[in-house]
Amino acid sequence: MKVLVTGGAGFIGSHIVDELVCKGYEAVIVDNLSTGKKENINPKAKFYEQNIVDSSLIRVFTKEKPDYVIHQAAQVDVQASIKDPIFDAKVNILGFLNVLECCVKSNVKKIVCASSAAVYGKPKYLPIDENHPLNPESGYGLTKSVMSRYLGIYHQLYGLNYTVLRYSNVYGPRQDAGGEGGVVAIFINKLLSNKDLFIFGNGEQTRDFIFVKDAAHANIMALEKGDNAVLNISSKTQISIQGLFERIKYLTKKEKEPIYTESRKGDILHSCLDNTNAKKILHWEPVWSLDDGLRDTINYYINIYGGK
Ligand SMILES: NC(=O)c1ccc[n+]([C@@H]2O[C@H](COP(=O)([O-])OP(=O)(O)OC[C@H]3O[C@@H](n4cnc5c(N)ncnc54)[C@H](O)[C@@H]3O)[C@@H](O)[C@H]2O)c1
């Protein structure tokens with residue numbers, strides 16, 4: 001079985017490729033390396049440096065004839081989607097549509113797509129299940145919510161099967177510590193390098209973190225299960241940002257106190273996704289505890305930065 005992974009040089013995509021290779025699938029990566037890295041690329045996978053927006057994408061599909069597609073490539077920065085919604089829509093809507101068209105033209109059996117908790121906006125109740133209203137508050141959340149509507153239409157028109165996975169906060173090795181997103185990566189790197197570390201507000205805001213290898217595994221399970229379903233992928237466990245800081249401080253054995261700054265405008269106070277449906281439908285469940293996942297991530301950063 002051949003699986004084409006868009007964004008396979010990125011944080012989550014590269015872990016998906018690793019598991020595919022490990023399980024004996026043939027893996028093909030399409031990535032333009034805009035945020036992905038060559039060093040993330042599994043040497044057993046075939047790599048195409050290719051923008052998903054370009055019409056030349058069909059050549060990769062025609063040549064490789066993948067059985068399945070796992071779509072991770074995206075403009076992933078929420079703030080960037082507010083500053084430049086046109087670029088966000090180009091990648092996350094037009095690029096995605098280009099991938100869909102290629103799937104139909106080359107008879108792909110199924111596409112598994114990465115979505116986000118950002119589609120829900122401010123929670124009306126917790127934990128958020130898949131029936132929660134969609135009230136995205138950024139271009140990013142909106143473009144992610146549009147994906148499932150297109151998938152429904154492509155399924156009706158062309159019989160293309162799909163699963164949409166709405167991830168909560170994914171963390172783990174290879175996450176970019178420089179960007180806006182990965183609070184885990186940022187905390188670990190600040191602690192290891194003994195740099196000032198900031199917490200927005202009082203740190204009592206809570207999030208639901210899922211380890212990247214658990215998120216990757218959900219994608220592999222979705223190749224065979226969960227046809228035409230939209231599923232939350234999360235740990236369904238809330239931890240405060242202060243609590244997260246304390247765990248990382250304990251595990252890195254570093255003595256440092258955070259600096260508390262003003263809350264960010266629009267930041268959601270509490271967020272937690274219900275993963276009941278994914279467990280039932282995909283026969284998947286998170287197996288990494290937060291401490292084990294944090295240890296694995298800390299070891300990764302110690303190895304690449306020598307703990308500096
Ligand atoms: N990290 C999270 O917590 C999180 C949460 C919810 C959803 N997601 C979604 O998961 C997916 C993977 O995100 P990630 O965290 O691994 O980010 P990432 O930036 O590490 O991965 C995205 C990959 O897509 C590639 N890419 C971007 N634009 C492209 C284009 N036009 N053509 C080809 N390749 C392109 C990048 O080079 C990168 O390798 C994304 O769809 C993201 O929206 C991530």
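This one's a predicted model, so the numbers in the text were calculated from it and none came from an experiment. Note that ligands are numbered from 1 as they come in the structure, with each ligand's atoms numbered from 1 the same way.
- For atom 8 (N) of ligand 1, the nearest protein heavy atom (residue, atom name, distance) is Tyr167 CD1, 3.6 Å.
- Between Asp208 and Gln238, the side chains place no donor N or O within less than 3.5 Å of an acceptor N or O (distance only, hydrogens not considered).
- In this structure, a donor-acceptor pair under 3.5 Å is present between the side chains of Tyr48 and Glu64.
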After noting the C-alpha distance and the side-chain angles of Lys236 and Asp274, does the key distance pass the salt bridge (Lys or Arg N to Asp or Glu O under 4.0 Å) rule? CA-CA 6 Å; Lys236 202 184 170 188; Asp274 191 342; 3.6 Å; yes

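- For atom 23 (C) of ligand 1, the nearest protein heavy atom (residue, atom name, distance) is Gly7 CA, 3.6 Å.
- Those atoms of ligand 1 that come under 4.0 Å of a heavy atom in Ser168, given as number and element, are 3 (O), 5 (C), 6 (C).
- At least one heavy atom of Val76 lies less than 4.0 angstrom from ligand 1.
- Considering backbone and side-chain N/O atoms, Gly13 never comes within less than 3.5 Å of an N/O atom of ligand 1.
- Note on Lys109 versus Asp67: salt bridge recorded, some NZ/NE/NH1/NH2 to OD/OE distance being below 4.0 Å.
- The ligand atoms of ligand 1 that sit less than 4.0 angstrom from a heavy atom of Thr35 are 18 (P), 19 (O), 22 (C), 36 (C), 37 (O), 38 (C).
- Of the protein's non-hydrogen atoms, Asn32 ND2, 3.3 Å is the one closest to atom 30 (C) of ligand 1.
- Side chain of Asp77 to backbone of Ala80: a donor-acceptor contact under 3.5 angstrom is found.
- Side-chain contact annotation: Asn32 with Ser34, donor-acceptor N/O pair under 3.5 Å present.
- Between Ile12 and ligand 1, a contact under 3.5 Å exists for at least one N or O pair.
- The ligand atoms of ligand 1 that sit less than 4.0 angstrom from a heavy atom of Ser116 are 6 (C), 7 (C).
- Atoms of ligand 1 lying under 4.0 Å from any heavy atom of Val91, numbered from 1 in the order shown and given with element: 28 (N), 31 (N).
- For the pair Ala9 and ligand 1, a heavy-atom separation below 4.0 Å is found.
- Closest to atom 15 (O) of ligand 1 among all protein heavy atoms lies Phe11 CD2, 3.5 Å.
- Here atom 27 (C) of ligand 1 lies nearest to Ser34 when heavy atoms of Ala73, Ser34, Ala114, Ser14 are compared.
- When hydrogens are left out, the protein atom nearest atom 12 (C) of ligand 1 is Gln72 O, 3.6 Å; that is the closest non-hydrogen contact.
- Listed by number with element, the atoms of ligand 1 under 4.0 angstrom from any heavy atom of Tyr140 are 7 (C), 8 (N), 9 (C), 42 (C), 43 (O).
- The shortest contact between atom 31 (N) of ligand 1 and any protein heavy atom is with Asn51 OD1, 2.8 Å.
- Between the side chains of Asn277 and Asn232, not a single donor N or O lies within less than 3.5 Å of an accepting N or O.
- Heavy-atom proximity to Gly36, at under 4.0 Å, picks out these atoms of ligand 1: 36 (C), 37 (O), 38 (C), 39 (O).
- The residue Ala118 has no part lying near ligand 1, judged by heavy-atom distances below 4.0 Å.
- Given atom 37 (O) of ligand 1, the protein heavy atom at minimum distance is Asp31 OD1, 2.6 Å.
- For ligand 1, the polar-atom distance check finds an N/O of Ile52 within less than 3.5 Å of one of the ligand's N/O atoms.
- The existence of a salt bridge linking Asp296 and Lys213 is confirmed by a sub-4.0 Å separation between a basic side-chain nitrogen and an acidic carboxylate oxygen.
- Under 3.5 Å, the side chains of Gln50 and Ser56 contain a donor-acceptor pair of N or O atoms.
- Within the model, atoms OG of Ser115 and CG of Leu231 stand 11.0 Å from one another, a figure rounded to the nearest 0.5 Å.
- Counting only heavy atoms of the protein, atom 21 (O) of ligand 1 lies nearest to Gly10 CA, 3.7 Å.
- Atom CZ of Arg166 is separated from atom SG of Cys113 by 12.0 Å, given to the nearest 0.5 angstrom.
- Using cut-offs of 30° and 60° for the angle between ring planes, the His132 and Tyr125 rings count as tilted.
- Within the listing of ligand 1, atoms 37 (O) sit less than 4.0 angstrom from a heavy atom of Leu33.
- Between the side chains of Tyr260 and Gln242, at least one donor N or O lies within less than 3.5 Å of an accepting N or O.
- Remark: ligand 1 atoms within the under-4.0 Å shell around heavy atoms of Gln50 are 32 (N), 33 (C).
- Between Tyr162 and Tyr154, the ring centre distance reaches or exceeds 6.0 Å.
- Heavy-atom proximity to atom 41 (O) of ligand 1, evaluated over Lys90, Lys144, Gln175, is greatest for Lys144.
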